[in-house]
Amino acid sequence: MTALDADPGGTAQPAPQEAPAPAPAVVGPLAGDPAMLGLSSFIVGSIALGLGLVGVVPVGVLGAPLAIILAATALGLLLAAIWAAAVGQSAVAAVFGIFGTFWLSYGMLVLGLDHNWFAITATAVLATVKLFLVAWLVAIIMLTLATLRLPSAFTAVFVLVDLALLLLLLAFATASPLGVPSSGLLKTAGYVVLVFAAVGVYLFYDAAQAGTGGKRVPLGNPLIK
């Protein structure tokens, strides 16, 4: 019921209602987008790895991009995954977490092989690299198929990552008797890596536009609705 007040003439008037208090402004992690950190971390590591594969550094120098991959890409992606999980973005957290552990495991593989941390004999190095590539190819294909409801630009990144891993696997599967992988396939994989880094730049631009109040760019319709 509406409360009534009497005016000086004795006429009942509705009592003024208090305006509802405005909702508090969202601050802290809830006000941000973990994709801006995750995508930028992903981009810089992809560029470093791609340039290494296409021959910017001498062939066989696998440790050249590790400073970026471990200290920026793996760490940044895992931080973005934690951020996404904290704000309830489970799918985003899974994507960043999976890629973060991929880059971290790549760094551990290279360091472990270079310093013989895992007691892997020289004759088993090639098989170890192929094991790594097969395991991650299966994992990223799984991620690709499970996220087809995302805009197609994300699917394009995942498919390109699948292709790069497949090319790397073929490069090591067709290695010479001395264990030297196919340089042509390595370079082709490197160019694919640079392409998915470029798509990542496009996705980052979209997130940055949204984060700074600008107009978002089209990301394509999901393949499954």
Side-chain angles (χ1 to χ4, degrees), residues 29-56 64-65 67-85 87-104 106 136-137 139-168 186-225:
L30 294 176
D33 182 3
M36 291 188 66
L37 172 61
L39 288 169
S40 57
S41 301
F42 174 81
I43 290 163
V44 66
S46 300
I47 292 172
L49 178 61
L51 291 177
L53 289 172
V54 300
V56 171
I68 293 173
I69 285 172
L70 290 175
T73 302
L75 179 60
L77 282 165
L78 293 175
L79 288 174
I82 294 170
W83 181 0
V87 298
Q89 298 179 10
S90 57
V92 176
V95 171
F96 288 150
I98 289 170
F99 277 109
T101 52
F102 164 75
W103 290 107
L104 181 61
Y106 172 79
W136 275 109
L137 179 58
I140 304 301
I141 289 175
M142 173 194 71
L143 177 65
T144 304
L145 297 175
T147 56
L148 292 177
R149 288 185 173 87
L150 293 176
S152 56
F154 290 95
T155 304
V157 171
F158 301 153
V159 170
L160 288 167
V161 173
D162 295 332
L163 178 58
L165 288 171
L166 178 60
L167 289 169
L168 289 171
L186 286 180
K187 284 189 176 182
T188 304
Y191 289 121
V192 173
V193 172
L194 293 175
V195 171
F196 69 64
V199 180
V201 170
Y202 183 79
L203 291 171
F204 175 79
Y205 180 77
D206 172 70
Q209 284 289 97
T212 55
K215 184 179 179 181
R216 306 198 73 145
V217 298
L219 299 181
N221 295 323
L223 297 182
I224 295 179
K225 297 183 179 180

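These numbers come from the heavy atoms of this one structure, side chains and all, not from hydrogens, waters or symmetry mates. We number each residue from 1, following the sequence as shown.
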Is any side-chain heavy atom of [Y] closer than 4.5 Å to one of [X]?
X: Ile140; Y: Phe99; result: yes
X: Leu163; Y: Val159; result: no
X: Trp103; Y: Phe42; result: yes
X: Val95; Y: Phe158; result: yes
X: Leu166; Y: Asp162; result: no
X: Phe102; Y: Val161; result: no

If every non-hydrogen atom of [X] is compared with every non-hydrogen atom of [Y], which pair is closest and at what distance?
X: Leu186; Y: Leu53; result: O-CB, 3.7 Å
X: Ser152; Y: Gly220; result: OG-CA, 3.2 Å
X: Ala84; Y: Val92; result: CB-CG1, 3.9 Å
X: Ala80; Y: Leu37; result: N-CD2, 4.0 Å

From [X] [atom1] over to [Y] [atom2], what is the distance, rounded to the nearest 0.5 angstrom?
X: Thr188; Y: Leu168; atom1: OG1; atom2: CG; answer: 10.0 Å
X: Thr144; Y: Leu137; atom1: OG1; atom2: CG; answer: 9.0 Å
X: Ile43; Y: Leu39; atom1: CD1; atom2: CG; answer: 6.0 Å
X: Trp83; Y: Asp33; atom1: CH2; atom2: CG; answer: 7.0 Å
X: Ile224; Y: Leu148; atom1: CD1; atom2: CG; answer: 4.5 Å
X: Asn221; Y: Arg149; atom1: CG; atom2: CZ; answer: 14.5 Å

- Message: Evaluate Leu78 against Thr101 for side chain to side chain contact (heavy atoms under 4.5 Å, CB included), listing each step before the verdict.
- Response: CA-CA 8 Å; Leu78 293 175; Thr101 52; 4.2 Å; yes
Name every donor-acceptor pair, under 3.5 Å, that has one atom in a side chain of residues 194-214 and the other anywhere in the protein, sequence neighbours excluded.
residue, atom, partner, partner atom, Å
Tyr202, OH, Pro218, O, 2.5
Asp206, OD1, Arg216, NE, 3.2
Asp206, OD1, Val217, N, 3.1
Asp206, OD2, Arg216, NE, 3.3
Asp206, OD2, Arg216, NH2, 2.7
Gln209, NE2, Lys215, O, 3.2
Thr212, OG1, Ala208, O, 2.7
Thr212, OG1, Gln209, O, 3.4

- Ignoring hydrogens and geometry, is there a side-chain-to-backbone donor-acceptor pair from Thr73 to Ser41 under 3.5 Å? yes
